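A short worksheet on the structure shown next.
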Amino acid sequence: MRITTWNVNSLRVRLPHVLRFAEEQAPDVLCLQELKLSQDAFPEEELRAVFPHLEWWGQPTYNGVAILSKLPLEDVRRGFAGWKDDEARVLSCLVGGVRLWCLYTPNGQAVGTPKFLYKLEWLGHLREDLDRFETGTDVVVVGDMNVAPDDLDLWDPFKLDGQILCHPDERGALQRVLDWGLLDPFREKNPYANEFSWWDYQKMGFQRNHGLRIDHTFVARHLLPSVGAVTIHRDVRGWDNPSDHAPVSLDLKR
DNA sequence: ATGCCAAACTGCGTTTGA
């Protein structure tokens, strides 16, 4: 089973990219973030032809998440249990025997701002949502996490030191999520890789490889032997009129 | 110190993203 996460930065604009990616890379489950469209503007017909099982949570202008699947989706939930939040950032479900989260973590804007505090609070509620499940559960958490966990996930750790997306508070909040019992199989399999999943549109970010690794596929510890590969589809960032994020695929042997 | 890019909204510029 291949599970892919991709922040598309407007599904309206990126629908052709999604269809092309689905054909070329054949994900079984495609988790999308930043749809930037309302619930009724979702391109259901076009996607249903490729992915019979669709769930989405739209919102005008901002946010929006979707799970497109070739396998049936069960027990679909919006948001985190026990926390009311109107921002469309969280979908979770049961698919192919795994408990899956599709997440769009708040960006945080700038360190110390109200949005930064919301981001930390949000990650705290993610941990609480995970805590509803026992450690042995087959959990997979994917999405635009908006945190680069390690300096290896940054194009310039000195220039970016202490800034948004890699501030110690964000890394700490993400670590508390991982402490539920999750691993980052990309890092496990590529301990020294200096690869990125997002590159700034500005200042020739992609051409100069000025990027960050902020899109992740986390799995419950015991699933690590089942992980075949984690692939960052860097080439997709080089397509015409691309999203600023590349898709990331998790291949699970099961 | 700021815009540099891209997208959405109703706009003829502003806000947000990362």
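Letters A, B, ... are given to chains in the order of the sequence lines, protein chains preceding strands, and every chain is numbered from 1. Owing to the predicted nature of the structure, the values given are computational and were not obtained by experimental measurement.
Comparing the P positions of dT14(B) and dG3(B) gives an interatomic distance of 10 Å, to the nearest angstrom. For dT15(B) and dT10(B), the P atoms lie 14 Å apart once the distance is rounded to whole Å. Rounded to whole Å, the separation between the C1' atoms of dT2(B) and dA8(B) comes to 23 Å. dT16(B) sits 16 Å from dG11(B) when the C1' atoms are compared, rounded to a whole Å. The same atom, P, is picked in dG13(B) and in dC4(B); the two are 14 Å apart, to the nearest Å. Annotation: dA6(B) and dA1(B) have their P atoms spaced 27 Å apart (nearest Å).
Taking only side-chain nitrogens and oxygens, Asn9(A) never comes nearer than 4.0 Å to OP1 or OP2 of dA7(B).
Contacts of Asp200(A) with the nucleic acid, taken as non-hydrogen atoms under 4.0 Å apart, are absent. Within the nucleic acid shown, Phe206(A) has no heavy atom closer than 4.0 Å to any nucleic acid atom. Among the atoms of the strands shown, none is found under 4.0 Å from any heavy atom of Lys119(A). Residue contacts shown for Asp215(A) are absent, as no nucleic acid heavy atom lies under 4.0 Å away.
For the residue pair Asp138(A) / His222(A), a side-chain donor-acceptor distance below 3.5 Å is found, with atom types taken as modelled. Side chain to side chain, Thr5(A) and Gln33(A) meet the donor-acceptor criterion of an N or O pair below 3.5 Å.
Checking dA8(B), dT16(B), dA18(B) against the side-chain heavy atoms of Tyr62(A) singles out dT16(B) as nearest. Distance from the side chain of Tyr201(A) is smallest for dC5(B) among the nucleotides dC5(B), dA18(B), dA8(B). Across dG17(B), dA8(B), dC4(B), the shortest atom-to-atom separation from the side chain of Lys203(A) is found for dC4(B). Here the nucleotide nearest the side chain of Arg89(A), chosen from dA7(B), dT16(B), dG17(B), is dG17(B). Listed candidates were dT16(B), dA18(B), dC4(B). Nearest to the side chain of Gln202(A) is dC4(B). The side chain of Arg12(A) lies closest to dA8(B), out of dA7(B), dA8(B), dA18(B). Comparing dC9(B), dA7(B), dA18(B) by their closest approach to the side chain of Ser10(A) singles out dA7(B).
Between His233(A) and Phe21(A), the ring planes lie perpendicular to each other; the angle is over 60°, past the 30° to 60° tilted range.
Rounded to a whole Å, the CD atom of Gln163(A) is 15 Å from the C1' atom of dG17(B). Residue Asn209(A) contributes atom CG, which lies 19 Å from atom P of dA18(B) at whole-angstrom precision. Computed from coordinates, the Lys36(A) NZ to dT15(B) C1' distance equals 10 Å when rounded to whole Å. The OH-P distance, from Tyr104(A) to dT16(B), rounds to 12 Å in whole Å. The interatomic distance linking Asn7(A) (CG) with dC5(B) (P) rounds to 20 Å, in whole Å. Rounded to a whole Å, the NE2 atom of His210(A) is 14 Å from the C1' atom of dC4(B). One atom, CH2 of Trp155(A), and another, C1' of dA18(B), lie 13 Å apart when rounded to the nearest Å. Counting to the nearest Å, the P atom of dC5(B) and the CZ atom of Arg208(A) are 13 Å from each other.
Here Phe206(A) and Trp239(A) keep their ring centres 6.0 angstrom or further from each other. Between Phe196(A) and His210(A), the ring center distance fails the sub-6.0 Å criterion. If you look at Phe186(A) and His216(A), their ring centroids are not closer than 6.0 Å.
Residue order along DNA chain B, read from the 5' end via each residue's closest nucleotide, puts Arg14(A) first among Asn63(A) and Arg14(A). If you find the closest nucleotide of DNA chain B to Asn241(A) and to Ile214(A), the one lying nearer the 5' end belongs to Asn241(A).
A 4.5 Å side-chain heavy-atom check between Leu103(A) and Phe80(A) finds at least one atom pair inside the cut-off.
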